[in-house]
There are 2 protein chains.
Amino acid sequence: METVDTLPQEGTLLSTGNSDVPAQALSRIQAHAPSACRTVTEVLARVGDKWSMQIVMSLADGPVRFNALRRAVDGISQRMLTRTLRALERDGLVSRMVTPSIPPRVDYALTPLGESLRRPVGLLGDWAVTHRETIASARERFDREQRGEAA
Amino acid sequence: METVDTLPQEGTLLSTGNSDVPAQALSRIQAHAPSACRTVTEVLARVGDKWSMQIVMSLADGPVRFNALRRAVDGISQRMLTRTLRALERDGLVSRMVTPSIPPRVDYALTPLGESLRRPVGLLGDWAVTHRETIASARERFDREQRGEAA
DNA sequence: CGGCATCCGAATGGATACTG
DNA sequence: CAGTATCCATTCGGATGCCG
């Protein structure tokens, strides 16, 4: 068989019919628009997996070869690197450039679309870095209180 | 038993020791700092699950009761609503206010931290809304090409 | 070097039934 | 009303082995 073992991403990313509403208007009303909320969810689901963003960030400086990428991302298995790259390629975030030499050479790079993702994700990263300690202590407190009332 | 059935979130959110680096500096260098990349990944993993953001967005206007929230989010099961709310509460993004009446009343609301999440997530949502058609056609093309070379 | 196929444990998440 | 407990299907993701 040759199932290619793809990430099971259907074309679910937004099909709810508000294609007539301009993007800027949507940004203001999205607190009330369930469809827009779902768009956020879809993107987060797409991009929020274990490896996608680490890969995108690793490609920030330019094309990287497969095994270099494998080393750069660190904990990733070959299987997941392939799968995630295919998924990113499918969505047009990453391009795949094959140089048919021996041994073969394959370079991955961000497309303009992939580049454009770096900003919003970076901002989310800033949020994370800024608030990580607040979150950490909130967790501690919560866990402490849970154990406290269990006794 | 009373396992409470929590989301398995450990306190993994950033423990790599660069607490001395200011956030703004990190925002610039994060393309090269693997630890910062992982922070992004952690947050995305935390926030990128199927329901968290829909819940946060649904709480944007103020406190909402459990079942109202259940209706607002739409496809969510009771189990996942409870689990996700607990996880959000644990991280200090959502507060839980119990009014011990009969029948009982529980209101959920965004904390200031939860409010602060809405901006970066909203921007990511804008990105999604803006580029959804590009993504959709990229997918179509990819799938078409895949099927084409299979023949 | 850059994959693909297979096996398998772990996690996610839905449905249902029961409770204070 | 606001949960909790149990069961179950699907998906995620790692390890290993083979191939051009």
Identify which nucleotide among C:dG3, D:dG14, D:dA2 has an atom closest to any side-chain atom of A:W51, counting heavy atoms from C-beta outward.
-> D:dG14

Checking D:dG14, C:dC1, D:dC1 against the side chain of A:S77 (C-beta onward), the nearest is D:dG14

What's the CD1-P distance between A:I102 and C:dG2, to the nearest Å?
-> 14 Å

Find the distance A:R86:CZ to C:dG3:C1' and express it as a whole number of Å.
-> 8 Å

Separation of atom NZ in A:K50 from atom P in C:dA10, rounded to whole Å | 13 Å

Where the side chain of B:P104 is defined as all heavy atoms beyond and including C-beta, which of D:dC1, D:dG3, C:dC1 is the nearest nucleotide?
-> D:dC1

Do the side chain of B:T111 and the main chain of B:G92 share a donor and acceptor less than 3.5 angstrom apart?
-> yes

Specify the residue among B:P103 and A:I76 whose closest nucleotide of DNA chain D lies further upstream toward the 5′ end.
-> B:P103

A:R83 CZ - D:dA15 P separation (whole Å) | 15 Å

Touch class at under 4.0 angstrom, heavy-atom based, for A:R70 against every strand present = nothing

Going by modelled atom types, is there a donor-acceptor pair between the base of C:dC1 and the side chain of A:Q78 at under 3.5 Å?
-> no

Please lay out, stage by stage, how A:E145 and A:R141 fare under the test salt bridge (charged side-chain N to carboxylate O under 4.0 Å, His left out).
-> CA-CA 6 Å; A:E145 286 171 9; A:R141 209 173 67 111; 3.5 Å; yes

Okay, side chain of A:T99, backbone of A:S101: is any donor-acceptor separation there less than 3.5 Å?
-> no

For the pair made of CE in A:M97 and P in C:dG2, what is the distance, rounded to whole Å?
-> 13 Å

Rounded to the nearest Å, what distance is computed from the CZ atom of residue A:R65 to the C1' atom of nucleotide C:dG3?
-> 13 Å

Integer-rounded Å distance: D:dC12 P and B:D49 CG | 14 Å

Can you find a heavy atom in the side chain of A:M53 that is under 4.5 Å from one in the side chain of A:L117?
-> yes

In terms of heavy-atom contacts, B:F66 and B:L81 come closest through O-CD2, 3.6 Å

Rounded distance in Å - CZ (A:R79) to P (D:dC18) = 18 Å

Counting just side-chain N and O atoms, does A:Y108 come under 4.0 Å of either OP1 or OP2 of C:dG3?
-> yes

Of the listed C:dG13, D:dC1, C:dG2, the closest approach to the B:M80 side chain comes from C:dG13

